[in-house]
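This report concerns only the one structure given below.
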Amino acid sequence: DLTPDVLAPGSIYEMNCPTENTKARIPAGTTLQGVVLLTNCQIMIGQNSKLLNMTIVNSNTTASSISGASGIEFGLDDNCAPGGSTQIVSMGGLSFPTMVSLYDSQLLANGDISFTSHADGIKGASIVSGGKIDTNSHIVMAFCGNAENFEFEFVRLAM
């Protein structure tokens, strides 16, 4: 389990799993903050967990390399004030069910990104997928810029 007892704020961690189907879990109700995590494991985030001011870089290529239960919050709900944002980067896909909140945070995936209904707390989010982004009803989004997100140029070849 990935908990504040294991992942202390202000540190960079590398976690290697023996196979791409090995799962690491963030238990329900956990708040992680101030951490950088580099991993090849599937990450499962428990219900009502919060990831604040942190970065996860995942080399796992599965369709659900990072997934979670309902009520997950990425970033701090601070009306786009500096600090508190979270960046999730994955070579696979991201999958989250109902009630996901993204506050001044970034989801980057080589695969598909899906989050379902009632994502009512999306303020200043950057969501970029190498596949498709899939969501449905009851989504409320608001704009604000974030200097903490990763920046890169997009190049597309159209014929």
Side-chain angles (χ1 to χ4, degrees), residues 1-17 20-97 99-115 119 121-131 133 135 141-154:
D1 284 348
L2 302 174
T3 65
D5 295 336
V6 175
L7 302 175
S11 298
I12 299 172
Y13 295 92
E14 184 173 357
M15 181 173 59
N16 292 304
C17 289
E20 69 175 9
N21 294 321
T22 304
K23 294 175 176 66
R25 300 178 197 284
I26 298 173
T30 299
T31 297
L32 293 177
Q33 57 186 348
V35 170
V36 174
L37 175 63
L38 310 171
T39 186
N40 67 337
C41 308
Q42 285 187 18
I43 304 288
M44 298 183 69
I45 305 170
Q47 184 174 5
N48 298 323
S49 292
K50 296 180 181 183
L51 304 177
L52 311 173
N53 191 33
M54 65 179 291
T55 300
I56 296 176
V57 178
N58 192 336
S59 62
N60 188 291
T61 59
T62 61
S64 293
S65 66
I66 301 176
S67 62
S70 66
I72 298 170
E73 291 185 21
F74 296 101
L76 185 61
D77 185 7
D78 58 3
N79 291 317
C80 301
S85 67
T86 292
Q87 289 74 38
I88 304 295
V89 181
S90 176
M91 291 303 294
L94 307 177
S95 177
F96 305 104
M99 298 171 58
V100 171
S101 298
L102 289 164
Y103 300 113
D104 220 12
S105 293
Q106 189 171 38
L107 300 178
L108 303 173
N110 191 46
D112 296 342
I113 298 175
S114 69
F115 51 99
I122 298 184
K123 298 177 185 172
S126 171
I127 303 170
V128 180
S129 169
I133 299 171
T135 189
M141 296 186 181
F143 173 78
C144 64
N146 185 349
E148 297 169 357
N149 281 343
F150 298 121
E151 294 184 24
F152 47 91
E153 293 185 27
F154 291 96

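Quantities reported herein were computed from a predicted structural model and do not represent experimental measurements.
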Distance-minimising heavy-atom pair for [X] and [Y]:
X	Y	result
Thr30	Thr3	CG2-CA, 4.4 Å
Gly46	Ala69	C-CB, 4.0 Å
Asp104	Ala81	OD2-O, 3.9 Å
Ile45	Phe96	CD1-CE2, 4.2 Å
Pro97	Ser70	CG-N, 3.6 Å
Thr86	Gly75	OG1-N, 3.5 Å

Nearest 0.5 Å, what's the [atom1]-[atom2] distance between [X] and [Y]?
X	Y	atom1	atom2	answer
Gln87	Asn53	CD	CG	8.5 Å
Asn58	Leu108	CG	CG	12.5 Å
Leu32	Leu51	CG	CG	6.0 Å
Leu107	Ile133	CG	CD1	8.5 Å
Arg25	Cys41	CZ	SG	11.5 Å
Ser59	Asn16	OG	CG	7.5 Å

Is there a side-chain contact between [X] and [Y], using heavy atoms and a 4.5 Å cut-off?
X	Y	value
Ile43	Leu37	yes
Ile26	Ile72	no
Leu102	Ile127	yes
Ser90	Asn60	no
Ser101	Met99	no
Val128	Ser126	yes
Leu52	Thr31	yes
Leu76	Tyr103	no

Under 3.5 Å: donor-acceptor pair, side chain of [X], backbone of [Y]:
X	Y	value
Ser11	Val35	no
Ser129	Gly111	yes
Ser65	Gln42	no
Tyr13	Ala8	yes

Original post:
Taking atom CE of Met15 as the centre, does the number of heavy atoms from other residues, nucleotides or ligands within less than 6.0 Å exceed 12?
Top reply: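 Yes, because the 6.0 Å sphere around CE of Met15 holds more than 12 heavy atoms from other groups.
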